[in-house]
Structures are given as C-alpha cells and as structure tokens.
Amino acid sequence: MTSIGIIGSGFGGVAVAVEMLRGGHDDVRLWERGDDLGGVWRDNTYPGAGCDVPSPLYSFSYEPNPNWTRRYALQQEIHDYLRGVADKHGVTPRISYGREVTAATWNADDSTWTVTFADDSSETVDILVSAVGQLSEPVLPAIPGVDSFEGPSFHSARWDHDADIHGRTVAVVGSGASAVQLVPHLVRDGERVVVFQRSPNYLLPKPDMPYRRWHSALFHRVPVTQQAERGGIWTFMEQFARGMDAMSPVGKINRAVALRHMHSQVKDPQLRAKLTPDYPIGCKRILFSNEFYPALAEPTVEVVTEAVTEVRPAGVVDESGREHPADVVVYATGFDSQDFLDSIDVTGVDGEKLATRWADGAHAYLGMYVPGFPNLFVTYGPNTNLGGGSIIYMLEAQARHMRQVVDRLEAGSYDSVEVTASTDEAYDRELSEKLERSVWASCENWYRHPSGRITSNWPGATLPFARRTKTLEPSEFAWA
Ligand code: NAP
C-alpha cells in the first residue's frame with residue numbers, strides 16, 4: 001500500500017485526500033499546521049468574507065450542496081461545506097493538527113520522502129503532496145512604522161475580533177478582493193473609513209441572490225436542476241476566462257460593463273476619476289461587488305490615492321505628508337503569492353533544493369510535477385490559479401491526475417515516478433509563450449515573480465486543463 005502524506009488541509013489537501021480514498025488508496029495522512037481544517041476559509045474571517053465565484057461551481061462536482069443559502073456563499077458556510085465533505089469521505093480523522101512541516105528530503109535508497117516538523121519529529125511516506133496553497137502567507141506592507149501604531153492593527157486574513165471597531169475611524173490599506181468585501185461592512189456599521197488605494201480595480205456587478213426554501217427543495221428532489229445551474233455558471237465563467245484579453249470582444253464588454261457599473265453607483269466625478277483603472281482590464285483580478293462603490297460614495301468614507309509612506313502611533317501618513325488619524329488599521333494587502341513551497345526546505349535528487357530550482361519563479365509540469373523531485377505532487381501549484389473560474393474545478397482535475405499516477409505506480413509495482421525533463425521543458429516553453437502574450441504581462445500584479453515570469457495563472461479557460469489532465473500519459477514520466 002502506497003503511503004501518501006499531504007501538507008495542508010484546505011480545499012487542495014481535502015480534494016487530493018478524497019480522490020485517493022475514493023480510488024482505494026487508504027494510507028493517506030494530512031499534516032495541518034493550524035488547529036482546524038479549511039486553509040484560507042479557516043483564516044479569512046473578516047466581516048463580509050466570502051467567495052466571488054458562485055457556490056454551485058465553487059464546490060466539488062461529486063458533492064453538490066443543495067443547501068447553499070445564497071448563490072455567493074460567505075466564509076462560514078464554505079468552511080462548513082468543506083468540513084462536511086472531509087467528514088463524509090473519512091478525511092477528518094486522518095488530519096494531524098499543529099503539525100507544521102519545515103523540511104522534506106528525498107531518500108533515493110528506498111524512494112521515500114522524509115518529512116520533518118517544527119518540533120523536530122519526522123515521518124516517512126512514499127508520496128508527498130504539497131497542498132499549501134498560493135494565498136496562505138499574509139503580507140504586511142514594507143512601510144516604516146507599521147509596528148509603531150498604538151491601536152489595534154492587523155491583516156485582513158488575521159482579523160482581530162476583539163478589536164473594538166464600533167464608532168471608530170478605521171484605516172484600510174489596500175483595495176483588492178478582500179478590501180472590496182470588508183469595507184462595505186465597516187461602513188454599514190457606521191464607522192468612518194479611510195481607504196488607501198494604490199491602484200483601482202475593475203469591478204463588475206455580482207449576480208448574487210438568496211436561495212429560498214423552494215430552491216433547496218428543488219435541488220434536493222431534482223438534482224439535475226442544480227447541475228444545470230452549475231453547468232450554466234461554468235459555461236459563463238469559461239467565456240469570462242477566455243475574455244482575459246483586453247482586446248477580445250469579451251474583454252471589451254467586461255470593461256464597458258465595469259465602467260457603466262461605476263457610473264451608475266458613483267455620482268461624484270472626482271471619486272470616479274480616482275476609481276478608474278488605467279491598465280487593461282483583466283491584468284489585475286477583476287472584482288465583483290454591488291456594495292463597494294456605494295460604500296466608497298458615503299460621506300463617512302475617504303479614498304486616498306496618495307501612496308502610504310509611514311504609519312505613526314495615531315495614524316497613517318500619505319506621500320503628501322498628511323497624517324490621517326485612525327483608531328484601527330486594517331492591512332488588506334494580500335499574500336505572498338510567490339511563496340509556493342518556499343517556507344519548506346525541499347531537497348530532491350542529488351541534494352538539489354526546490355528553492356534553488358525555483359529561484360527565478362516556480363514552474364511545474366501541469367503545475368504538479370517537477371523533474372528531479374520524484375514522488376512529489378503539488379496541488380494548486382505554479383500556473384494553476386485562475387483569472388476567472390472555480391479553483392475547485394482545477395483542484396479536482398489535479399487530484400484525478402495524481403490518483404492515476406498512484407494507480408499506475410501500484411499496478412506496475414514501481415517505487416518512483418518523475419516527470420521527464422523533455423516533457424517539462426516542452427510544456428514550460430508552450431506555457432511561457434502563452435503567458436508572455438497574456439494580459440497579465442501588461443501591469444503590476446501578484447501573478448508575477450520579480451523575474452517577470454507569470455507563476456500563478458493558468459492561461460485561459462479551465463476545460464483545456466481538465467482535458468489535458470484527464471488521462472495520465474505514462475510516456476511523459478520516468479517510472480522506476
Ligand atoms: P490583493 O487583491 O492582492 O490586494 C492587495 C491590495 O493591497 C491591493 O489593492 C494592493 O495594491 C494593496 N497594497 C499592497 N501593498 C501595498 C502597499 N505597500 N501600500 C498600499 N497598498 C498596498 O489582496 P487580497 O484582497 O487579500 O486578495 C488576494 C487574493 O485572494 C485575490 O486576488 C483572490 O485571488 C483571493 N481572494 C478571493 C476572494 C474571493 O472572493 N474569491 C476574496 C478575497 C481574496 P496594488 O493593486 O497596487 O498592488
């Protein structure tokens with residue numbers, strides 16, 4: 001029996017575990033550094049946290065949820081859904097909590113991985129799966145004085161629920177996907193909010209709606225109705241992903257809709273000027289909200305477009321030298337998206353370090369396999385993030401492929417498997433050409449490594465990825 005160790009118990013880790021268990025591979029264990037499963041859906045508890053991908057698609061195909069309370073579910077409901085899937089498929093008892101992996105070393109003698117933990121203990125497995133995610137390491141901005149602020153200050157992914165916010169002035173640094181969700185909640189609760197926006201985003205209306213009791217009843221009794229909704233959303237999102245090119249017809253329509261959305265919700269031309277992006281649509285993640293613009297238009301909100309230069313004990317200073325007094329500072333400044341496996345010291349064949357291999361940006365065959373690192377699978381790895389679409393769909397496709405690799409290892413009594421260098425190089429050339437021509441190369445965004453390489457995103461729609469990963473092609477790998 002092949003032993004499979006999975007680092008992380010977010011959607012990625014659970015997706016792989018379920019697939020392996022469903023495929024009859026029972027020796028599965030998951031190591032989780034936190035005290036609960038859920039990954040980003042455990043960590044992001046800021047007010048208004050939710051998913052801007054509709055829930056019927058942001059769920060496993062084999063676990064539709066007829067009980068979603070709304071089309072765009074909020075964090076708690078998504079977290080509960082993942083817990084339910086993990087329980088139902090027997091994943092939960094296989095998770096060890098408080099197990100932070102610090103290193104993993106390939107043992108050529110017996111084709112295993114030795115995994116070392118923060119407490120210096122270790123375990124050995126045949127197959128090592130990284131499911132650490134792309135957006136799990138919060139980043140505070142490198143601004144002088146961040147530690148000097150006297151009141152509560154925290155990252156959006158580490159929300160301090162003890163901080164007293166009511167009736168206070170809250171400074172929010174950043175205006176990306178998290179800020180768009182949390183700012184309207186702060187404003188609704190009557191707080192004065194100062195939003196520091198470095199770059200504006202394109203914002204599309206969110207076709208959200210509550211599911212009534214009759215929806216759930218229908219989804220329960222006639223499951224094909226929910227499948228039809230999922231299929232419709234998937235088809236729409238595929239077109240959306242194909243339109244990730246500002247010059248494409250879909251890109252032009254998206255831009256027109258986004259600007260009209262702003263015009264209809266923001267009447268003040270000066271504010272509109274601040275909120276109008278000057279880069280091609282799609283280059284940064286397109287956001288969805290019906291509430292963000294109206295919140296910014298409230299008299300209790302100020303949008304500051306001057307760069308933040310300093311944080312002082314009682315406020316935030318912009319580049320004009322103006323100090324904006326604040327009682328609380330929220331850093332909605334995103335994540336270290338280039339981290340991938342950096343926080344783990346991974347050593348492959350002949351002592352090669354993965355960090356060295358990826359020094360100019362991470363890359364992997366299908367986002368999952370790296371030559372020189374046998375029996376290592378990476379889920380939600382390089383170039384598997386989406387500009388539009390459901391990451392759960394991608395995770396399922398990856399898990400299916402990984403399961404086929406394990407099937408073949410067992411069927412052929414092989415000890416190790418490794419993608420061939422030629423397969424990896426050809427794939428990398430193909431992907432790099434597409435990515436260099438993509439809209440993501442046209443502005444600053446978190447998809448790119450400092451070297452310029454676009455390491456996060458899969459270029460295009462999800463169907464080509466699902467097709468490509470559907471059936472394992474044994475000749476692309478070396479089996480030993
Ligand atoms: P983000 O989208 O990367 O936004 C970070 C924000 O902070 C940006 O506005 C950025 O400006 C700003 N910023 C960063 N450093 C700064 C500095 N030194 N000074 C001033 N501003 C600074 O981060 P996020 O909002 O946490 O979202 C990250 C990703 O998580 C999203 O893109 C998405 O993939 C995921 N997410 C998804 C959902 C969902 O609904 N599915 C919700 C939340 C998050 P620039 O734009 O100029 O860099």
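Predicted model, so just to flag it, every value in this text is computed and none were measured. Index from 1, following the sequence. Counting starts at 1 for both ligands and their atoms, in listed order.
Remark: Arg83 engages Asp36 in a salt bridge, criterion side-chain N to carboxylate O under 4.0 Å.
Remark: distances from the non-hydrogen atoms of Val53 to ligand 1 are all 4.0 Å or more. For Tyr46, the heavy-atom gap to ligand 1 drops under 4.0 angstrom. Residue contact check for ligand 1: Phe196 places no non-hydrogen atom closer than 4.0 Å to it. Heavy atoms of Gly50 approach ligand 1 to within less than 4.0 angstrom. Ligand 1 lies within reach of Val173, whose nearest heavy atom is under 4.0 Å from it.
Side-chain rings of Tyr72 and Phe288 stay apart, their centers remaining 6.0 Å or farther from each other. Between His155 and Phe335, a ring centre-to-centre spacing shorter than 6.0 Å is recorded. The six-membered or imidazole ring of Trp68 lies away from that of Phe219, with a centre-to-centre distance of 6.0 Å or more.
Closest to atom 18 (N) of ligand 1, if we only count protein heavy atoms, is Pro141 CB, 3.2 Å. Among all protein heavy atoms, the one lying closest to atom 12 (C) of ligand 1 is Gly174 CA, 3.6 Å. Protein heavy atom closest to atom 25 (O) of ligand 1, with residue, atom name and distance, is Ser178 N, 2.7 Å.
With a 4.0 Å cut-off on non-hydrogen atoms, Phe335 touches ligand 1 through its side chain and not its backbone. Contacts of Glu444 with ligand 1, taken as heavy-atom pairs under 4.0 Å, are absent altogether. In Ala332, the part holding a heavy atom less than 4.0 Å from any atom of ligand 1 is the backbone. Under 4.0 angstrom from ligand 1, the non-hydrogen atoms of Leu135 all belong to its side chain.
Backbone and side-chain nitrogen or oxygen atoms of Ser175 are examined, and one is located within less than 3.5 angstrom of a nitrogen or oxygen of ligand 1. In terms of polar-atom proximity, defined here as any N/O pair under 3.5 Å, Lys284 does make such a contact with ligand 1. The N/O atoms of Ala177, backbone and side chain alike, include one that comes under 3.5 Å of an N/O atom in ligand 1.
Across Gln181, Gln75, Arg198, Gln134, heavy-atom proximity to atom 48 (O) of ligand 1 is greatest for Arg198.
Cation-pi geometry between Arg22 and Tyr62 is satisfied (NZ or CZ under 6.0 Å from the ring centre, within 45° of the ring normal).
Between Tyr393 and Trp234, the two ring planes are tilted [angle within 30° to 60°].
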